[in-house]
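Below is one structure, written out as structure tokens, with a few remarks after it.
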Protein chains: 2
Amino acid sequence: MESSQGTVSQFTSNTIEVGTEQRIFNAALEVFSRKGKDGARMQEIADCAGINRALLHYYFRSKNKLYEAVFAHGFEQFINGLSQSLRSERSFESSLRTFVHGYMDYLCEHQDMARLMITECLSGGPVLESYLATAIAKREKLPGFLMEDRIRQAIEVGEIREVDSEHAMLTIVSACLFPFVALPTVRLFQPKAATDFEEFIAERKQHIVELILSGLRIP
Amino acid sequence: MESSQGTVSQFTSNTIEVGTEQRIFNAALEVFSRKGKDGARMQEIADCAGINRALLHYYFRSKNKLYEAVFAHGFEQFINGLSQSLRSERSFESSLRTFVHGYMDYLCEHQDMARLMITECLSGGPVLESYLATAIAKREKLPGFLMEDRIRQAIEVGEIREVDSEHAMLTIVSACLFPFVALPTVRLFQPKAATDFEEFIAERKQHIVELILSGLRIP
DNA sequence: GTCTATATCTCGATAGAC
DNA sequence: GTCTATCGAGATATAGAC
């Protein structure tokens with residue numbers, strides 16, 4: 001139980017010499033994110049990590065502990081990702097572009113984590129909610145809040161038209177995040193999402209920024 | 001089935017009496033939609049329906065059959081909901097408003113089904129995909145396709161500016177559907193979603209229609 | 001640290017009384 | 001149709017050899 005505490009925070013995306021604990025960690029994220037906490041099987045995680053089932057219990061005491069560890073790490077990463085880049089004062093257009101691109105870049109790199117949090121949400125999300133609740137206490141850390149403040153500020157200065165900043169923020173997040181949630185389905189409708197994912201994402205970023213900017217422009 | 005003339009049943013309410021099979025069905029939808037097919041427990045479904053576990057197997061042979069039945073029914077409902085109302089609209093604004101309001105009304109009434117399909121999506125969605133694939137064959141039945149055609153048509157006539165109709169459609173669906181997926185989280189950020197859900201939805205409909213219309217308006 | 005073997009428990013499914 | 005009791009498969013978790 002000590003071993004997980006000590007090393008979790010030092011995970012890197014280094015390709016050389018990936019340790020057992022991290023392989024377990026990655027595999028767990030992958031499986032949990034697709035099957036949910038209950039649906040996930042320890043055997044599948046072990047197979048995915050290329051090790052024995054018993055090792056899962058050696059590094060993380062139980063399935064519950066493993067899930068908690070995976071979730072906590074991903075959540076931390078999720079919050080800290082965007083916050084810095086949003087603080088600098090620039091035009092609203094520049095802020096929006098920064099947010100959309102940064103958010104979708106994160107989602108591309110951490111699709112597992114996105115699925116995991118959505119799965120949490122769907123199940124009523126007691127774990128996610130407790131994490132969010134404490135995060136909301138320190139309001140300034142959440143990228144979503146930063147961007148929403150930016151919207152309000154832009155309205156005051158007359159940079160964009162008057163809209164409900166909370167709904168606008170929700171719409172922006174939805175437009176960025178939902179395609180990842182529904183990816184298997186999206187692929188059926190938009191073949192490019194299957195054949196050339198990078199280009200699909202690039203197009204999507206541009207579409208969202210343009211649509212929102214145009215939608216918030218003062219008539 | 002049998003009419004109890006002499007006894008005043010304490011189970012009947014002012015609503016229409018709902019049979020055991022229907023109660024199982026509703027309970028299964030509720031549980032499957034939150035936990036996913038694997039994560040759901042037959043015991044929980046039975047508890048939720050207020051009956052014994054064995055009865056689940058009496059009405060539906062197995063967990064798999066039960067899931068299939070629930071999914072098939074919900075999916076059918078989902079497709080047929082909007083299609084008619086979309087064929088008869090004139091202006092693009094009117095079509096968009098019809099779609100957004102109709103779609104969100106459906107989602108409000110069938111939040112379980114929305115969750116179920118999202119859960120399917122997240123797990124790779126073989127069941128959903130097979131249903132969608134056959135539905136896509138008869139293209140004209142899907143409301144999403146109808147609306148996307150409507151966007152293309154509006155562009156040709158010069159009613160709205162030139163955009164990628166597929167991305168625009170995806171954005172509209174995202175804006176409508178995602179708030180239901182993330183409802184537990186949204187409630188933390190927008191208290192009104194918890195206290196006055198009806199008003200929150202009404203606001204949301206209006207916001208989406210206005211933002212998209214303004215976003216697609218010809219400069 | 002990593003494995004095999006096994007104990008323990010949970011869940012889906014069935015049998016049979018009423 | 002509905003219940004209680006139980007079986008058997010498969011899952012988590014532990015013990016112990018190496």
Side-chain angles (χ1 to χ4, degrees), chain A residues 1-8 10-11 16-71 119 123 127, chain B residues 1-7 9-12 16-71 116 119 123 127:
Chain A
M1 68 203 239
E2 301 283 307
S3 59
S4 61
Q5 277 273 33
T7 51
V8 159
Q10 300 191 343
F11 285 168
I16 32 171
E17 187 63 82
V18 175
T20 300
E21 185 170 3
Q22 184 178 341
R23 286 220 316 282
I24 294 176
F25 204 90
N26 295 337
L29 178 55
E30 163 76 22
V31 176
F32 277 133
S33 74
R34 294 209 171 273
K35 303 296 176 64
K37 183 183 159 189
D38 295 325
R41 298 285 163 252
M42 295 293 265
Q43 181 63 63
E44 193 177 350
I45 296 175
D47 291 346
C48 187
I51 49 94
N52 192 274
R53 227 168 50 236
L55 267 189
L56 299 182
H57 292 91
Y58 174 79
Y59 282 99
F60 308 84
R61 265 169 50 89
S62 68
K63 186 182 181 182
N64 255 316
K65 299 273 187 194
L66 177 55
Y67 181 79
E68 284 273 351
V70 167
F71 188 85
T119 305
S123 69
V127 180
Chain B
M1 0 209 94
E2 107 259 23
S3 62
S4 52
Q5 38 171 253
T7 60
S9 173
Q10 65 245 62
F11 300 118
T12 51
I16 306 167
E17 178 143 21
V18 53
T20 301
E21 186 168 357
Q22 187 64 41
R23 287 220 314 284
I24 293 176
F25 203 89
N26 295 337
L29 178 54
E30 164 75 23
V31 176
F32 277 133
S33 73
R34 294 208 172 274
K35 304 297 177 63
K37 184 181 157 189
D38 295 327
R41 298 284 161 253
M42 295 294 266
Q43 180 63 63
E44 192 176 350
I45 296 175
D47 292 345
C48 187
I51 48 94
N52 191 272
R53 226 168 52 236
L55 267 190
L56 299 182
H57 293 91
Y58 175 79
Y59 282 99
F60 307 83
R61 270 172 51 86
S62 67
K63 186 183 182 182
N64 255 317
K65 300 272 186 195
L66 177 55
Y67 182 79
E68 284 273 351
V70 166
F71 188 85
L116 188 66
T119 306
S123 68
V127 180

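In what follows, chains are A, B, ... by sequence order, proteins preceding strands, each numbered from 1. Just so you know, these numbers come straight off a predicted model, no measurement behind them.
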How many whole angstroms separate atom [atom1] of [X] from atom [atom2] of [N]?
{"X": "Asn52(A)", "N": "dT2(C)", "atom1": "CG", "atom2": "P", "value": "10 Å"}
{"X": "Asn64(A)", "N": "dT12(D)", "atom1": "CG", "atom2": "C1'", "value": "11 Å"}
{"X": "Leu55(B)", "N": "dG12(C)", "atom1": "CG", "atom2": "C1'", "value": "15 Å"}
{"X": "His57(B)", "N": "dC7(D)", "atom1": "NE2", "atom2": "C1'", "value": "13 Å"}
{"X": "Leu56(B)", "N": "dA13(C)", "atom1": "CG", "atom2": "P", "value": "10 Å"}
{"X": "Gln22(B)", "N": "dG1(D)", "atom1": "CD", "atom2": "C1'", "value": "17 Å"}
{"X": "Tyr58(A)", "N": "dG1(C)", "atom1": "OH", "atom2": "P", "value": "5 Å"}
{"X": "Phe60(B)", "N": "dG1(D)", "atom1": "CZ", "atom2": "P", "value": "13 Å"}

Quick one: closest heavy-atom pair of [X] and [Y], and the distance?
{"X": "Ile45(A)", "Y": "Ala27(A)", "value": "O-CB, 3.5 Å"}
{"X": "Asp38(A)", "Y": "Lys35(B)", "value": "OD2-CD, 4.0 Å"}
{"X": "Ala40(A)", "Y": "Phe32(A)", "value": "CB-CD2, 3.5 Å"}
{"X": "Ser33(B)", "Y": "Thr119(B)", "value": "O-OG1, 3.2 Å"}

* Asked: Distance check: side-chain N/O of Thr20(A) vs OP1/OP2 of dT2(C), anything under 4.0 Å?
  -> yes
- Query: Do we see a donor-acceptor contact under 3.5 Å between the side chains of Glu68(B) and Asn64(B)?
  - Reply: no
- Under 3.5 Å side-chain donor-acceptor pair for Asp47(A) and Gln43(A): yes
Find every protein N or O atom lying less than 3.5 Å from an N or O atom of nucleotides 16-18 of chain C, and list the pairs.
none

Output a table of nitrogen or oxygen pairs between the protein and nucleotides 6-11 of chain C separated by less than 3.5 Å.
none

Hits for side chain to side chain contact (heavy atoms under 4.5 Å, CB included) against Arg61(B), two or more places apart or cross-chain, chain-then-number order -> Lys65(B)
